[in-house]
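Everything on this sheet refers to the single structure shown next.
Chain naming here is simple, since letters A, B, ... match the order of the sequence lines and numbering starts at 1 in each. Values reported hereafter were calculated over all heavy atoms of this structure, with side chains retained and with hydrogens, waters and symmetry mates removed.
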Protein chains: 2
Amino acid sequence: MTAIDWIFEYTKERQRLRVLHSSAHGLMGLFRRFADASQVWLILILTGLAVGTVAAGIDVTTDWLGDLKTGYCSSGPEGGAFHLNKAFCCWGYDESSKCAGWIPWANAFGVASKGGAWIIEYIVFLIFSVFLAFSAAVLVQEYGIYAKHSGIPEIKTVLGGFVIRRFLASGMWLGKEGPLVHVACCCANLFIKLFSNINDNEARKREVLSAAAASGISVAFGSPIGGVLFCLEQISYYFPDKTMWQSFVCAMTAAVMLQALDPFRTGKLVLYEAEVSTEWTDFEIIPYAILGIIGGIYGGLFIKANMAVARWKKRSTWLPGPIVQVIAVALLTALVNFPNFYMKIQSSELVSNLFVECGKHSEDKIGLCKTGAASASTIVLLLFAAILGFLLAAITFGLQLPAGIILPSMAIGALTGRAVGIIMEIWVKNHPKFFAFGSCAPDIPCITPATYAVVGAAATLAGVTRMTVSIVVIMFELTGALTYVLPMMVAVMISKWVGDAFSRRGIYESWIHFNEYPFLDNSDAETAQIPDIPAAQVITRIEDLVVLTATGHTIASLTAILDANPHRGFPVISDPREAILLGYISRAELSYNLRSSAQPPRSLPPETEAFFTHQPMADPSATLDLRPWMDQTPITLPSRANLHLVVSYFQKLGLRYVLFADRGVLQGLLTKKDVWYVLNGADETRRTAGTSGRDGTVETGITREDGDGEAEGLLRERSGSEAMSPAHERGPML
Amino acid sequence: MTAIDWIFEYTKERQRLRVLHSSAHGLMGLFRRFADASQVWLILILTGLAVGTVAAGIDVTTDWLGDLKTGYCSSGPEGGAFHLNKAFCCWGYDESSKCAGWIPWANAFGVASKGGAWIIEYIVFLIFSVFLAFSAAVLVQEYGIYAKHSGIPEIKTVLGGFVIRRFLASGMWLGKEGPLVHVACCCANLFIKLFSNINDNEARKREVLSAAAASGISVAFGSPIGGVLFCLEQISYYFPDKTMWQSFVCAMTAAVMLQALDPFRTGKLVLYEAEVSTEWTDFEIIPYAILGIIGGIYGGLFIKANMAVARWKKRSTWLPGPIVQVIAVALLTALVNFPNFYMKIQSSELVSNLFVECGKHSEDKIGLCKTGAASASTIVLLLFAAILGFLLAAITFGLQLPAGIILPSMAIGALTGRAVGIIMEIWVKNHPKFFAFGSCAPDIPCITPATYAVVGAAATLAGVTRMTVSIVVIMFELTGALTYVLPMMVAVMISKWVGDAFSRRGIYESWIHFNEYPFLDNSDAETAQIPDIPAAQVITRIEDLVVLTATGHTIASLTAILDANPHRGFPVISDPREAILLGYISRAELSYNLRSSAQPPRSLPPETEAFFTHQPMADPSATLDLRPWMDQTPITLPSRANLHLVVSYFQKLGLRYVLFADRGVLQGLLTKKDVWYVLNGADETRRTAGTSGRDGTVETGITREDGDGEAEGLLRERSGSEAMSPAHERGPML
């Protein structure tokens, strides 16, 4: 896990552009500049097209596999076709009439009795659920070792400027939300490789990946604007205006592609159309606000429960491997779900049913519109399903079978919301004279429970993810319920407040924290955690650094230093006594120059003198002047600078390291990773142990060698973890 | 015009919070911390409520004044009422039947002939238009001298961290978009004054103002999410997560308030409901893309025309005062508009009519739905109105009568779009066999011209403002046309690309540039303009600075320096020969300490020695140690650092000044304003003149005094302009 230096990458890009602009003139130059500028757009549009296609494929496959749990298609409208899902198999049939081509499994096995059919269906449901989960888990194990969880915490970390190696190796995903973001990033990564200009620049690569992530959300929910905002609010770390515009283009292309392929044959991008015809009345703002409170509590508890499960799994060494875990959870889920009326169907179908007003369709598919005494049982069933879903989601999210958290959260919220809606409906019907209900029109129904489902879904989503604007936009792009934007905003606002009272971290930040990904969160909550100390207390002191003196080196001695130390760069000082900071040379530049000077045309012998300072007496042809390759203006801070300032340097300027110098004298160095360890050590038990342990090592003085390169797992003492990384600048002073 | 230092302000806030947390314990402490944290929310909610109320008031007044141009209400549904607008006057009347209470002016004057009525109406229209414009201009002159233009460029500058004095003094505004943003900021500023914690912190004040700005857009268009995004994309400079969340809350409160007051009695937040029932067909993406191109061209040309008018007005010294200008333009507009069918009605009503599908209402109010040969004249009239509107808007925007640019742009785009839509409709009707039209359903109309108006409005808006995501969100919150989000996105994308080919600056940036507001734009286009030079070429050198040495001062000598130099702070160096940078002391801290030490209890005499460095031999009771009041870790850069890096320091860290030191030796200083002059000088004629002029002044050496405080207008030579500001750190070296 190494970090990138945004400033360095952008400087590189500026230099490349300057060369491009000066090298090419006239019409040819104009054309080359245009070609250069359009590369990024080409990548974005290709990514958008690919993601749209993949999403359409996933949609069709998911539908088919979901229906296959209940039966199969013996003959479609154009002859027999096992590959058709129920909707296409019964294409052209009236909703009320019986579809002859679709054979439920009970019929297929010739079981006629109602109880027998139920048992057959239950067994087939279990087998299919476990088999699908097993296949997915095996595929993930096989192809994507880094593809755990929803992918969003991982992508957030990568876009924050850290490098997780092999992370963007494609894996197989189930579910649609987080995973599709990951697929989008994989596609973009693939297309980036075609263009070396962008592939070689880590900063521009991350810009493109940010933009690509938007297309993932865009197709997952048919919500292009929501995708852009999701990126902005949740994923993107370093989001200049340009990236907003790029993610806009990418999200749009993907949405247009999905719309053109039209996998559901509805001709609409809106997935779960909330077919509501009524406006909301003023007093309803109170139940909507209550939904906000419930959503916040759900979200807060969900994060706590999910993290508790994750910690328990980490502690319990006796647990079987990930595939067995996945199968166990899948079996449990299937066992629990089948007998439960609302959970038997797929969660996306459940949500889409909950969002539909009663009486809008000829058929009430899942029995939500019962009236009278029957509606009480509906309420109980809905709430029961919500609680069950909550528990299952808390166990499932974080398994090595990645699926998004957005759809489950939405389902839980929609179930609760619909229940609250039915309660309100009954109340208004039984007490129409209650003073608050005065604004109800007399003849039409005053309460539409479907809208409560929409608002409840938004509230739960806000409680779990702690996003605000993006959720509202995703929800109304998803449902088309634009008139309900205000209730949604109220519920989301209250839910976020309530959720923040539980803990300041949303689900993605919690997972980043749990997995100890090196991500410097720039949210307000995390900033408040930074200890108010001078940087001097945490910097890696000059005594522990590998620093180069300006003179006294030969090509051979520098090569030896490079071989002995794996660090990514070395500060250069005037001499060991004074330690005036002259600059910083990266490992890449130094090793390249040492190698090339030893080769023709220069062919300097290894004993050639090499220096980093102006040597007026030196013979330019027989010595190696390394000054041009040294960064002579590295970013420095005084060692007494507050740690808050240091953190904002890393966050806002996107640096990889900062040097500390007092009155020109080098004091030490901090890398982004060091800062991350300090911040994440600050609220763990390592608060004191880590610091004193590190300070203890300083005693070994200026010749201390700590080239121990072994990894020790992620939870380790701070000085050990620094040594682990081949990228860390540290070691004996020369 | 002075700048604020975000880092300094946030440090201040952190210290305040630390004191608060340590001073109060137990339940009382919890309560005080809660009260402290809720202040900002109280301000935001109060602002939201106020803005919602103001917007409702403006809506009602505008409607009434607009209708008053054509007639008056003699008797409303509940008796005579001059104060009623046409809609309320005729409340309960069928649209087709005649409303008896509303008296057109022609009837009032007893003119019966058609020609006579036309002339009477024309004259009344002229008189009212000129009178209203005159009143508005006088009010603006009287109450808001800084309230020129739309307010958005000004707010952008203030939020960027510069201080325009007296800017947030309330003024009277006409129009709804930009002005309401300004009203929102004024309200917030008023409420901020109630809470000294926030009022005293320039950074937190700006956070709240950013959030308040969102509520302005929210109520102007009934678009709360659009408001948040507008802030994000256009207005806010320094937008941490917290501000997004705060603007969300503020925008929501304002929208709820407006909805509760319901000035239009529609019960809806959606203002110009695009009543379209059809889906779009695939081939329509081509005309939509063409609308995008047209919108981009409109936008590019509009900015050029508007700027040309502004430049011409600036050059033409013979022009009359602003009030006469406003009256002249109002008269011209009224003269041109009345005979033109589409421009006679208010632009908001025009837009709302253009967005409505034919056949949706019993009455085709402005004759858009003519068929056959008559539709050709409709097309011509629409296009003519669009061009006329374009010219009038180019003249009007930038007068000292502030009105928003969003509604006029939308009207121009909607007119053009509707014309294109009618052309498409005729084409499809006449050539139904054309290969592209194959996907049209046979019996229902394939083309809905109203949707072209919506897409055209979005495209023109994108061309003029160069925003992307916010426009799409504002447009679909405004119209409710969620199914047309993809066409809108395509048109906006193309329009932005085409517009950017004309010039990289949108209308707001163009005005900021034209007015030479000190705003460091962090957009990509502006960053590309930064010259690739070391900072050393532009810094104010140490020879031109007022710097303090660490020793050798008395209270009297320091007071004399303060009196002689108006600078906001002074770098402190070890001694004149070495010039090792020790720190930076702000004027406020220095003068406060000098004053307080001369008063009891210390009562030090003026000849007391004062120093900034450790003096082991000094008697602490008889000397003044200023070290605790000096910033001992000011932010420094090497003088060879690239100007790009310096600019990103100012932009991303929000600094007010940067010191330059090489190996600890102070080289010079740059303030944010200096950087702004360098950047904005770079693409003017001052490119060379400014720099050499400034370098020339260096020759006068270290005792040069330049306390010339006179202002010379905004366009002036760089060294002169620096001297103008009382806030600039410069003068003889001590």
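For the pair A:V492/B:M252, no side-chain contact is recorded, criterion being any heavy-atom separation below 4.5 Å from C-beta on. Side-chain contact between A:M489 and B:I225 is present, with heavy atoms from C-beta onward closer than 4.5 Å.
Between chain B and the options A:V249, A:L637, A:T253, A:T636, heavy-atom pairs under 4.5 Å are most frequent for A:V249. Between chain A and the residues B:V665, B:V472, B:I580, B:V469, the most heavy-atom pairs under 4.5 angstrom are made by B:V469. Of the residues considered (B:I635, B:V473, B:L581), B:I635 shows the highest number of contacts with chain A, using heavy-atom pairs under 4.5 Å.
Contact annotation for A:D662: neither backbone nor side-chain heavy atoms come within less than 4.5 Å of a heavy atom of chain B. Contacts between A:L229 and chain B at a heavy-atom distance below 4.5 Å involve the side chain alone, from C-beta outward. Residue contact with chain B, scored on non-hydrogen atoms closer than 4.5 Å, involves the side chain of A:D532 exclusively. For a residue to count as touching a neighbouring chain, one of its non-hydrogen atoms must lie under 4.5 Å from one of that chain's; by this rule A:P534 does not touch chain B.
Enclosure of atom CZ in B:R663 is not indicated, since only 12 or fewer non-hydrogen atoms of other residues, nucleotides or ligands lie within 6.0 angstrom.
Atoms CD1 and CZ, on B:I471 and A:F248 in that order, are 8.5 Å from each other to the nearest 0.5 Å.
Closest of all the heavy-atom pairs between A:P638 and B:P634 is CG-O, 4.2 Å. What you find for A:L486 and B:P224 is that their closest heavy atoms are CD2-CG, 4.3 Å.
Partners of B:I285 according to the side-chain contact (heavy atoms from CB on, under 4.5 Å) rule, which considers only residues two or more places apart in sequence or in another chain, are B:W280, B:V490. Here A:F660 pairs with nothing under the ring pair (Phe, Tyr, Trp, His ring centres under 6.0 Å) rule; sequence neighbours left out.
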